[in-house]
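The structure appears below as structure tokens.
Values below: every heavy atom of this structure, side chains too, minus hydrogens, waters and symmetry copies. Chain naming here is simple, since letters A, B, ... match the order of the sequence lines and numbering starts at 1 in each.
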Amino acid sequence: MALARYLIGKMLVRDAPDGRAGGRIVETEAYVPGDASGHAYIGETARNRSLFLRRGHAYVYFIYGVHFCVNVSGETPGVGAGVLLRALEPVDGIELMRARRGMRRETDLARGPGRLAQAMAIDRSQDGVDLCSRGPLWLGSAPREEGRIKTSVRIGIRKEAHRPLRFYEAGSPYVSGPPALRA
DNA sequence: CGGCTGATGATCT
DNA sequence: GATCATCAGCCGG
């Protein structure tokens with residue numbers, strides 16, 4: 001999906017009661033219409049309805065009883081698809097992110113979808129928000145030019161595991177996954 | 001470094 | 001009752 005590639009380098013900004021945090025998106029995964037690994041595959045339900053909103057809305061879900069993950073809805077109204085935001089390069093509110101994550105290395109603050117959500121204090125209360133206009137969570141322009149963007153298989157899924165729908169900024173230390181999928 | 005595992009709960013069948 | 005787009009911690013090499 002073109003959106004997944006387009007989002008690399010853009011800012012994700014979060015305004016929460018305890019302050020602002022933001023970072024450059026360095027890793028995404030597309031979950032396209034008809035994709036058996038996508039949460040929209042089973043059709044619209046109470047949980048995944050945000051994936052069926054017009055492109056640019058947040059879909060936030062709770063996984064493994066432990067973590068939240070954030071998607072950007074990617075299609076026209078009624079069509080379920082999204083882009084998982086897998087990693088950020090922290091830019092604003094780095095100390096705030098550290099406090100939320102429990103004092104870790106900067107490269108681990110938002111490296112992976114669960115860590116990203118924790119660093120940005122994202123949970124189901126942001127589900128369905130319009131990311132294209134300023135609010136508790138939104139997308140901003142790229143602070144600088146992105147590096148080379150590469151493609152790979154997606155991480156952590158079982159179905160449709162061969163499809164090259166993961167996008168990342170090559171060589172960034174803020175990208176998740178095994179070394180072979182970060183180079 | 002790589003590999004394994006327990007944690008923990010919403011969701012859907 | 002099974003599944004799950006994960007992570008931290010612990011182990012061995």
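Taking only side-chain nitrogens and oxygens, A:H39 comes nearer than 4.0 Å to OP1 or OP2 of C:dA5. Between A:R101 and C:dA8 there is a side-chain N or O to OP1 or OP2 distance below 4.0 Å.
Taking the six-membered ring for Trp and thresholds of 30 and 60 degrees, A:F68 and A:F62 have ring planes inclined between 30 and 60 degrees apart.
Where DNA chain B meets chain A (any atom under 4.0 Å from a heavy atom), the bounding nucleotides read 5' to 3' are B:dG2 to B:dC12.
Comment: A:K150 does not engage A:E169 in a salt bridge, judged by the lack of any side-chain N to carboxylate O separation of less than 4.0 angstrom. Taking 4.0 Å as the cut-off between side-chain N and carboxylate O, A:E106 and A:R111 do not count as a salt-bridged pair. Taking the charged nitrogens against the carboxylate oxygens, A:R20 and A:D15 do have a contact shorter than 4.0 Å, which makes a salt bridge. Comment: A:D18 engages A:R100 in a salt bridge, judged by a side-chain N to carboxylate O separation of less than 4.0 angstrom. A salt bridge is absent between A:D108 and A:R98: the closest approach of a Lys/Arg side-chain nitrogen to an acidic carboxylate oxygen does not fall below 4.0 angstrom. Ion pair A:R86/A:E29 flagged as a salt bridge, since at least one NZ, NE, NH1 or NH2 atom sits closer than 4.0 Å to an Asp/Glu carboxylate oxygen.
Along DNA chain B, the nucleotide nearest A:T45 and the nucleotide nearest A:V66 are compared for position; the residue whose nucleotide lies closer to the 5' end is A:V66. For the pair A:A46 and A:F62, nearest-nucleotide mapping onto DNA chain B gives the more 5' position to A:F62.
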- Annotated structure of DNA chain C as dot-bracket, pair cut-off 3.5 Å, Watson-Crick or G-U only, | for inter-strand, is ||||.|||||||.

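No donor-acceptor pair under 3.5 Å is formed between the side chain of A:R182 and the backbone N or O of A:P173.
For A:R86, counting side-chain heavy atoms from C-beta on, the closest listed nucleotide (C:dA8, C:dA5, C:dC4) is C:dA5. When distances run from any side-chain atom of A:R104 to the nucleotides C:dC7, C:dC4, C:dG9, the shortest one goes to C:dG9.
In terms of hydrophobic clustering, with Ile, Leu, Val, Met, Phe, Trp and Tyr side chains grouped at heavy-atom distances under 4.5 Å, A:L131 and A:Y59 are assigned to different clusters.
Residue contacts shown for A:R154 are absent, as no nucleic acid heavy atom lies under 4.0 Å away. Residue A:S37 is classed as a base contact, given a heavy-atom separation below 4.0 Å to a base. Using a 4.0 Å heavy-atom cutoff across all strands shown, A:G65 reaches at least one base atom of the nucleic acid. Across all strands, A:R166 comes closer than 4.0 Å to no nucleic acid atom at all (heavy-atom distances).
At whole-Å resolution of the value, CD1 in A:I155 and C1' in C:dC7 are 13 Å apart. Rounded to a whole Å, the CG atom of A:L109 is 17 Å from the C1' atom of C:dT6. Note: CZ (A:R115) to C1' (C:dT6) measures 9 Å, nearest angstrom. When rounded to the nearest whole Å, the span between CZ of A:R111 and C1' of C:dC7 equals 11 Å. Residue A:H162 contributes atom NE2, which lies 16 Å from atom C1' of C:dA5 at whole-angstrom precision. As rounded to whole Å, 15 Å separates atom C1' of C:dT6 from atom CG of A:L85. Separating the OH atom of A:Y64 from the P atom of C:dT6 is a distance of 5 Å, rounded to the nearest angstrom. Protein atom CZ of A:R158 is 13 Å distant from nucleotide atom P of C:dT6, rounded to whole Å.
There is a side-chain donor-acceptor pair under 3.5 Å between A:E27 and A:S176.
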